[in-house]
Asks: 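Provided herewith is a single structure, encoded as structure tokens, for subsequent inquiry.
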Amino acid sequence: MSRVNENFLKLPGSYLFSTIGKKVKEYQEANPDKRIIRLGIGDVTLPLPPAVITALHAATDEMSVQDTFRGYAPDLGYEFLRSAIAECDFRRRGVELSIDEIFVSDGAKSDSANIQELFSADARIAVCDPVYPVYVDSNVMAGRTGTYDIASGRWSNVIYMPCTAQNDFVPELPEQVPDVIYLCFPNNPTGAALTKEQLQRWVDYANEKKAVIIFDAAYEAYISREEVPHSIYECAGAKTCAIELRSFSKNAGFTGTRLAYTVVPKELVLDGVALNGLWARRHGTKFNGAPYIIQKAGEAVYSEEGQKQVAEMVGYYMNNAKVIYDGLKAAGYTVSGGVDSPYIWLKTPKDMGSWDFFDYLLSQANVVGTPGAGFGPSGEGYFRLTAFGSYENTVEAIERIGRLS
Ligand code: PLP
């Protein structure tokens, strides 16, 4: 008799965005004349850059001609894209990678969920709290996390690293030693970033403890400060302890187009086994390559024009981030993030709970954000706003919030 994977049954309901959606729908139905502004979800809104559209059209035309038609893409990605990545994202920042260390995929979400397959069933994971939920949930499905305690919102076998105002939303090295450490910087949801010096401490720690860091750099394009590294491999020794995840979603607007990559350095060896070979084997078995058309679109991101257009898009969103950050500060809020990240993390006023503040903002300002508690217990009392809306809506939302105080 076949039986289900009972680990799935342990997952608490993923109710964050569905609850938000339900509450917004109910409010709108009861108040049809109100114009709601959504600064909640982390999806981009600007269209794809022209250089990307041109490449998509050209690649589509190639697919219509016998001589240039392409079938299955190479498992690890086309060389033209992996070479462009190695040159533009790494060599220009002083990091040498061979293209066999770069694995092209259809998203950082899937990569961040799948990467845990490389580790033993009893590997102990460490995550920031609050956290992008995929890291924990994918380990729950793999049966690695122990039991869930509803009262604390925590798994018994997961090491949580609280990121709070006390530590400037920068996690401290954990007391218990993990095997796998998930770090996402610039961070979703807090918007915090690590300086090179701060990240170097993690790299040294991981090398000392023989732990592996999964470094999610999906928001790398938003880094503005000089002292913040764009890749973990800018830190000495990172190639022996870190895997890096990147995405085209937030820099180039590919959330609906789907393209990402993961770096697994050849020097990263556990128990005498190179993780690069394992990931290549896994990729080859479970993934049949990102579409040619989309990889050509990704290549266009690295063209001179593409880089200029992508920088403009990021600049547009970061201008929104500044509007939110400055506007909330002026209105008396305690605010962080928004400098190296499209996320602004604010302390709810008067110790209001995250969800109470959500209801308050929805009903009083008709603005939607994301309650911090939805990202983990340490997110309680915080609220996330995103810079991915239009400039006009962002300005209006912040004016409305300002009028409340
Ligand atoms: N990693 C983090 C931290 C994210 O916030 C997101 C999306 O919101 C992703 C990964 C997913 O990226 P992708 O669109 O490439 O799947």
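Atoms within a ligand are numbered from 1 in the order they appear, just like the ligands themselves. Along the sequence shown, residues are numbered consecutively beginning with 1.
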Asks: Below 30° counts as parallel, above 60° as perpendicular, anything between as tilted: where do the rings of Y382 and W345 land?
Replies: parallel
Asks: What I want to know is whether Y343 and ligand 1 share at least one N or O pair that is separated by under 3.5 angstrom.
Replies: no
Asks: What residue and atom, counting heavy atoms only, is the protein's closest point to atom 7 (C) of ligand 1, and at what distance?
Replies: K250 NZ, 3.1 Å
Asks: Please verify the inter-ring angle class for F80 with Y78; under 30° counts as parallel, over 60° as perpendicular, anything in between as tilted.
Replies: parallel
Asks: Count the heavy atoms of every other residue, nucleotide or ligand shown that sit under 6.0 Å from NZ of K196, and state whether that count exceeds 12.
Replies: no
Asks: Side chain or backbone of Y219 under 4.0 Å from ligand 1, or both, or neither, by non-hydrogen atoms?
Replies: side chain
Asks: For the residue pair F358 and F383, does the interplanar ring angle fall in the parallel (under 30°), tilted (30 to 60°) or perpendicular (over 60°) class?
Replies: tilted
Asks: How close do A193 and Q198 get, heavy atom to heavy atom, and via which atoms?
Replies: O-OE1, 4.0 Å
Asks: Does the plane of the ring in Y222 sit parallel, tilted or perpendicular to the ring in Y219? Use 30° and 60° as the thresholds.
Replies: tilted
Asks: Using a 4.0 Å heavy-atom cut-off, which part of A108 comes near ligand 1: side chain, backbone, both, or neither?
Replies: both
Asks: Would you please determine whether Y261 falls within less than 4.0 Å of ligand 1 on a heavy-atom basis?
Replies: no
Asks: List ligand 1 atoms under 4.0 Å from G107, heavy atoms only on the residue side.
Replies: 15 (O), 16 (O)
Asks: Could you check whether S112 and D216, counting side-chain N and O atoms only, form a donor-acceptor pair closer than 3.5 Å?
Replies: no
Asks: Are the charged groups of E29 and K25 less than 4.0 angstrom apart, N to O?
Replies: yes
Asks: Please list the nearest protein heavy atom to atom 14 (O) of ligand 1 with its residue and the distance rounded to 0.1 Å.
Replies: S249 OG, 2.5 Å
Asks: Measure the acute angle between the ring planes of W155 and Y148, then classify it against the limits of 30° and 60° as parallel, tilted or perpendicular.
Replies: tilted
Asks: Provide, to 0.1 Å, the distance between atom 11 (C) of ligand 1 and the closest protein heavy atom, together with that atom's residue and name.
Replies: Y132 OH, 3.4 Å
Asks: Show which atoms of ligand 1 fall inside a sub-4.0 Å distance from at least one heavy-atom site of K109.
Replies: 11 (C), 12 (O), 13 (P), 16 (O)
Asks: Does G42 reach ligand 1, in the sense of a heavy atom lying below 4.0 Å from it?
Replies: no
Asks: Can you tell me the protein heavy atom closest to atom 16 (O) of ligand 1 and the distance?
Replies: R258 NH2, 2.7 Å
Asks: If you measure from each non-hydrogen atom of Y182 to ligand 1, which part falls under 4.0 Å: side chain, backbone, both or neither?
Replies: neither
Asks: Pull out every atom of ligand 1 sitting under 4.0 Å from any heavy atom of Y135, numbered as shown with elements.
Replies: 3 (C)
Asks: Within a reach of under 6.0 Å around CG of L9, are more than 12 heavy atoms found that belong to other residues, nucleotides or ligands?
Replies: yes
Asks: Using distance alone, decide if ligand 1 has a nitrogen or oxygen within less than 3.5 Å of any nitrogen or oxygen in S247.
Replies: yes
Asks: With heavy-atom distances below 4.0 Å as the criterion, list the atoms of ligand 1 near C184.
Replies: 3 (C)
Asks: What protein heavy atom lies closest to atom 2 (C) of ligand 1? Include the residue and the distance to one decimal.
Replies: D216 OD2, 3.4 Å
